[in-house]
Amino acid sequence: MGYYIDLSKITLEEFKNKLKNEYLLPSQQFLKENIDEQFSIIQNQNIVNLQQLQQELKTKEKVNAFAKTTSIGVDYLTVLRRTVNSYHPEARKLDQFPCISSETAQKLAKAGIKTTLDLYDRIITPQERNRLADELGISIEKALLLAKLTDICRLRYVNQTFAYLLVMLGYDTVELIQKADYRILHKKLLELNEEKNIFKGKIGLNDMAFLVNEARNATLDVEY
């Protein structure tokens, strides 16, 4: 399994059911409107999985063309496109993590490792982490921290600062987030953030339900 999930393995029907049953961001809520009808039209274009849908809606020009072909609204398709793309979240820049020193970030950059995507294959097993630590001249503990940050940042909408907050709280792997009670996680995060003032955004209860659900859908590929 790579850093990103394989979109070709998520069928359009599975994706539709995710949209129906999972918590959506406020900007995504209207995707549920007439969803069976909308997705039936999409399926009639011989689109059977999420990878095909992503390619069909890859650019604004393609979105406009697809809207004309199917009579599905451009606004609907635009939000649908953003939602599909969110399954491959932007790789996080390592020099923007609050807990990675500039010295370590520079060592990583010199080795051609600037993002969590670059780092992923280098930290996925203890053996790989040991090799990376030797190569960079950093401690095993720092290499393990890099692994945990990278692991958590595979989840949608988890940025550098929020990943750091989760690690500080002890929810430092995807597996631990999977097992969390989102209500307890929410309470503890608010308490820690009030004390440390690390994360500037709002931490909502529904956001934590979304995070735990995301983790439960993720694979446990990083070995600890």
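These values consider heavy atoms only, across backbone and side chains, with no hydrogens, waters or symmetry-generated copies.
Taking both residues in full, the closest heavy atoms of I42 and L12 are given as CG2-CD2, 3.6 Å, listed atom of the first, atom of the second, then distance. Across R156 and T83, no two heavy atoms sit closer than the pair NH1-O, 4.1 Å.
Residue K58 qualifies as open at atom NZ: its count of foreign heavy atoms under 6.0 Å is 12 or below. Annotation: K107, atom NZ; neighbour count of heavy atoms from other residues, nucleotides and ligands within 6.0 Å is above 12. Remark: N21 CG is packed, more than 12 non-hydrogen atoms of other residues, nucleotides or ligands lying under 6.0 Å away. Within 6.0 Å of atom CD in E22, more than 12 heavy atoms from other residues, nucleotides or ligands are found, so the atom counts as buried in its surroundings. Counting heavy-atom neighbours within 6.0 Å of R82 CZ, excluding the residue itself, gives a total of 12 or less.
Note: the hydrophobic cluster containing Y87 does not contain Y23 (ILVMFWY, side chain heavy atoms under 4.5 Å, direct or indirect links). Under the 4.5 Å side-chain heavy-atom criterion for grouping Ile, Leu, Val, Met, Phe, Trp and Tyr, F97 is not connected to Y157 through any hydrophobic cluster.
Under 3.5 Å, the side chains of T78 and D75 contain no donor-acceptor pair of N or O atoms. In this model, a donor atom of one side chain and an acceptor atom of the other lie less than 3.5 Å apart for S8 and D6. Checked by atom type, the side-chain pair T116/Y3 shows a donor-acceptor distance below 3.5 Å.
Taking the six-membered ring where the residue is Trp, the centroids of F30 and Y76 are separated by under 6.0 Å. For an aromatic pair to be called close, the ring centres must be under 6.0 Å apart, and Y182 with F210 fails this.
Ionic pairing of K16 and D36 is present here: one or more N-O contacts between side-chain nitrogen and carboxylate oxygen are shorter than 4.0 angstrom.
Listed by first then second residue, pairs satisfying salt bridge (Lys or Arg N to Asp or Glu O under 4.0 Å) with a partner in residues 122-136 read R122-E135, E128-R131, not counting sequence neighbours.
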